[in-house]
Amino acid sequence: MARKNWIKTFKKLHKWPVIIIAFIAILFAASGIVMNHRQLFSGVDVSRNLLPKNYKYKNWNLATVRGSVQLEETHLIYGNIGVWKTDNDLKKLEDFNQGFPKGIDNRKIYSIIQFNDELFAGTQLGLYKRSKTGGLWQKQEIPVNKERIADLEIKDNKLLVLTRHYLLESTDGQNFRKIQLPEPVNFQRKAGLFNTFWEIHSGELFGLAGKLFVDLLGLVTILLSVTGLLHFIFPQWIKRRKKKVRTKGSVEDASHPLPPRGGNRNLKVAGKEAVSIDKLVRTKKQNLNWHNVVGYVFALFLLINTFSGMHLRPPFLIAIANKQVGIIPGTHLDSPNPWFDKLRRIHWDAANRRYIFSTADGFYFADEYLSEKLVPAPAQPPVSVMGCNVLEAIDDNHLLVGSFSGMYIWNPNNGRTADLFTGKPYLRPEGMARPIGANTVAGFVQLGDNAWWFDYSRGAIALNEQNHPATMVAMPDEMRRASPMSLWNLALEIHTGRIFEHLVGSFYILFVSLAGICFMLVIISGFFLWWMTFRKKRVKKR
């Protein structure tokens, strides 16, 4: 293909996609910056009344409830709504969130447990303690830097606090011993490809400096989108101004064949219009220059960031979900801790005197004293890449395991796994499989004789619909008002494209992938367009 044809093609590939997706690029960039600083924005909420209908609570959906804990005569239910006290039928609901910092994100509860006549809550941003009868939730000091609590458990007379990196142990609920779990059998220092891409995309792979650099890429994306649109609009502005001057000049010249004494006011007006047009032309050139310079400087980094982000959503996610790669030396993932950011849930199996850990790499068994290497469970239930949301003991030999892959009854002793809803044995699919199942399990509660599981989209569903009502009591207005969406979660919905589900239906799942392909096409075509035209012009001038 001749050079002129290449340039013509690159111009089309760079121009038209930008006009279509520039607004989307700005949304992605702004939401990504918010997501990179969750704690900073944790106190900012957005009313669900301002959001599409699918973001309004209906039948306890959207991970409203994750679990429950029984007190003497009442229960606590907890999840994205924080903590609420209730009875067996959920007919009476009492706000139990007093003491948590402002912002619904500070009330995102992963686990609550009763220990030494006190309640402990593991949240997104730390560990909290409160009396069962009254008082306020108070934050507890724990000996770790990353305070995201994954789960809580009781072993004999000890409180166990599982973070994403370490296990903490306490006999009094105040002083904690940090335990780094032993490495697993046949340990290889590798990280999940999904996690690696996630940290590349957020910049966390290189610590705070990396996150700030990705923030800069977000600002660069906004700048390139705005300057690109302006470059498209400028010619139209200039054309209209010139046409206006020509039209005005011809009419006025015809009505005033001789200029009046003292000069022609219309000529001055026309002169001002000409100056204005000249300024527009210069601004157009400056705008294009900024667009070109910033574009070619950051092109490679934008490509890497876009490519990694595309693989965090289906369908590209399917290809990397279970892949392992080597750890890049000197990065955030290069930690001496073999379980760095991998721990998700914990169960103390008292009957067999062992720990069962749900991790990003699957389920593992550990001895009572954590003195030996962890052993992977030989046969395991499926768990979505989003993590295990339910890990409940049914009896001494069976666990209820729920995630966005479904709900299963698992016997850790013999490895037998059955689908809770169909009763059929679980058969691991061959090759690539969907990252989520038909039942996206977000939580489970047992309130007296009643039990419900919570589908992320459909909400509360009775565990046995023949013996229990199909739905729980409707969420009270007080709870709805007290449970807005955090700005961080809204940014996540925008960044993943789910915010557009009400417009395009299930097609939204391809939104990030298609937008990513479009972004990469714009970046690549823009770079070669600069290389073949504007760069050549600069070289000739020199």
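In this text the structure is predicted, and so the values were computed from the model without any measurement.
- Other residues, nucleotides and ligands contribute over 12 non-hydrogen atoms within 6.0 Å of the CG atom of Asp419.
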Next item on the list: Start with the C-alpha distance between Ile304 and Ile200, add both sets of side-chain angles, then the distance that settles side chain to side chain contact (heavy atoms under 4.5 Å, CB included), and finish with yes or no.
Entry: CA-CA 8 Å; Ile304 294 172; Ile200 290 174; 4.0 Å; yes

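- The six-membered or imidazole ring of Phe206 lies away from that of Phe213, with a centre-to-centre distance of 6.0 Å or more.
- Defined by atom type and a distance below 3.5 Å, a donor-acceptor pair is present between the side-chain atoms of Tyr110 and Gln124.
- Between Pro184 and Lys373, every side-chain heavy-atom pair lies at or beyond the 4.5 Å cut-off.
- Proximity of a side-chain donor or acceptor of Glu153 to a complementary backbone N or O of Trp348 within less than 3.5 Å is detected.
- Side chain to side chain, Ser486 and Asn489 meet the donor-acceptor criterion of an N or O pair below 3.5 Å.
- At most 12 non-hydrogen atoms from other residues, nucleotides or ligands lie less than 6.0 angstrom from CZ of Phe301.
- For His311 and Phe307, the distance between ring centers is under 6.0 angstrom.
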Next item on the list: Using the side chain to side chain contact (heavy atoms under 4.5 Å, CB included) rule, take Arg189 and Leu333 through it: C-alpha gap first, then chi angles, then the decisive distance, then the call.
Entry: CA-CA 10 Å; Arg189 293 196 74 248; Leu333 294 176; over 6 Å; no

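- Counting only distance, with no hydrogens or angles, the side chain of Trp137 and the backbone of Pro101 share no donor-acceptor pair below 3.5 Å.
- Annotation: Asp395, atom CG; neighbour count of heavy atoms from other residues, nucleotides and ligands within 6.0 Å is above 12.
- Under a cut-off of 6.0 angstrom, the local environment of CD in Gln138 is sparse, with at most 12 non-hydrogen atoms contributed by other residues, nucleotides or ligands.
- Contact annotation: the side chain of Ser111 never approaches that of Arg66 to less than 4.5 Å [non-hydrogen atoms, C-beta and beyond].
- Ring pair Phe500/Phe511 is tilted by interplanar angle, where 30° to 60° counts as tilted.
- When only modelled atom types and interatomic distance are considered, Asp455 and Thr440 share a side-chain donor-acceptor pair under 3.5 Å.
- Without hydrogens or angle criteria, Gln140 side chain to Gly173 main chain gives a donor-acceptor distance under 3.5 Å.
- Within 6.0 Å of atom NZ in Lys132, more than 12 heavy atoms from other residues, nucleotides or ligands are found, so the atom counts as buried in its surroundings.
- Not a single donor-acceptor pair under 3.5 Å links the side chain of Ser483 to the backbone N or O of Arg480.
- Salt bridge present: Glu147 and Lys139 bring a charged side-chain N and a carboxylate O closer than 4.0 Å.
- No donor-acceptor pair under 3.5 Å is formed between the side chain of Thr306 and the backbone N or O of Leu303.
- Counting only N and O atoms by type, the side chains of Arg458 and Asn59 include no donor and acceptor under 3.5 Å apart.
- Asn36 and Asp215 are linked by a side-chain donor-acceptor pair at a separation below 3.5 angstrom, with hydrogens and angles left out of the test.
- Residues Leu76 and Leu119 form a side-chain contact, since some pair of their non-hydrogen atoms from C-beta on lies under 4.5 Å apart.
- Side-chain contact check for Gln70 and His75: no donor-acceptor pair (N or O, by modelled atom type) lies under 3.5 Å.
- A donor-acceptor contact shorter than 3.5 Å is absent between the side chain of Lys211 and the backbone of Gly207.
- More than 12 heavy atoms of other shown residues, nucleotides or ligands fall within 6.0 angstrom of atom CG in Asp156.
- Proximity of a side-chain donor or acceptor of Trp410 to a complementary backbone N or O of Ala379 within less than 3.5 Å is detected.
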Margin query: Is there a side chain to side chain contact (heavy atoms under 4.5 Å, CB included) between Thr417 and Ile409? Walk through the geometry before answering.
Written below: CA-CA 6 Å; Thr417 301; Ile409 298 176; over 6 Å; no

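- Checking side-chain atoms of Trp453 against main-chain N and O of Ala442 turns up no donor-acceptor pair under 3.5 Å.
- When side chains are defined from C-beta on, Gln98 counts as touching Arg130, because their heavy atoms get closer than 4.5 Å.
- Defined by atom type and a distance below 3.5 Å, a donor-acceptor pair is missing between the side-chain atoms of Tyr426 and Arg416.
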Next item on the list: Go through the steps to decide whether His495 and His201 satisfy the test side chain to side chain contact (heavy atoms under 4.5 Å, CB included), and finish with yes or no.
Entry: CA-CA 12 Å; His495 208 71; His201 189 65; 3.3 Å; yes

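- In this structure, the side chain of Trp339 engages the main chain of Pro182 through a donor-acceptor pair within 3.5 Å.
- Considering CD of Glu199 and CZ of Phe194, their distance stands at 11.0 Å, rounded to 0.5 Å.
- For the residue pair Asp95 / Asn97, a side-chain donor-acceptor distance below 3.5 Å is found, with atom types taken as modelled.
- Contact check for Ile179 versus Leu168: no side-chain heavy atoms found under the 4.5 Å cut-off.
- With respect to Tyr55, the side-chain hydrogen bond (donor to acceptor under 3.5 Å, both in side chains) criterion is satisfied by exactly one of His502, Glu493, Arg48: Glu493.
- We find that Asp361 and Lys342 are joined by a salt bridge, their nearest charged nitrogen and carboxylate oxygen being less than 4.0 Å apart.
- Of the options Asn389, Asp151, Thr359, a side-chain hydrogen bond (donor to acceptor under 3.5 Å, both in side chains) to Arg345 is made by Asp151 and by none of the others.
- Between Ile77 and Trp60 there is a side-chain heavy-atom pair separated by less than 4.5 Å.
- The closest side-chain heavy-atom distance from Leu219 to Ile33 is below 4.5 Å.
- Ring geometry, Phe357 versus Tyr355: the interplanar angle falls under 30°, so the pair is classed parallel (tilted spans 30 to 60°).
- Annotation for Gln180 and Pro336: closest pair NE2-O, 3.7 Å, computed over non-hydrogen atoms.
- Side-chain contact, Asn80 with Arg107: no donor N or O sits under 3.5 Å from an acceptor N or O.
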Next item on the list: Under the salt bridge (charged side-chain N to carboxylate O under 4.0 Å, His left out) rule, what do Arg38 and Asp105 come out as? Steps first, then yes or no, please.
Entry: CA-CA 9 Å; Arg38 185 165 194 169; Asp105 212 29; 2.7 Å; yes

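- A donor-acceptor distance shorter than 3.5 angstrom exists from the side chain of Asp172 to the backbone of Asn175, with no hydrogens or angles considered.
- The 12-atom threshold is not exceeded at NZ of Lys146, counting heavy atoms of other residues, nucleotides or ligands nearer than 6.0 Å.
- Open room surrounds CG on Asn157; 12 or fewer heavy atoms of other groups in view lie less than 6.0 Å from it.
- Under the 4.5 Å side-chain criterion, counting only non-hydrogen atoms from C-beta, Leu160 is not in contact with Ile154.
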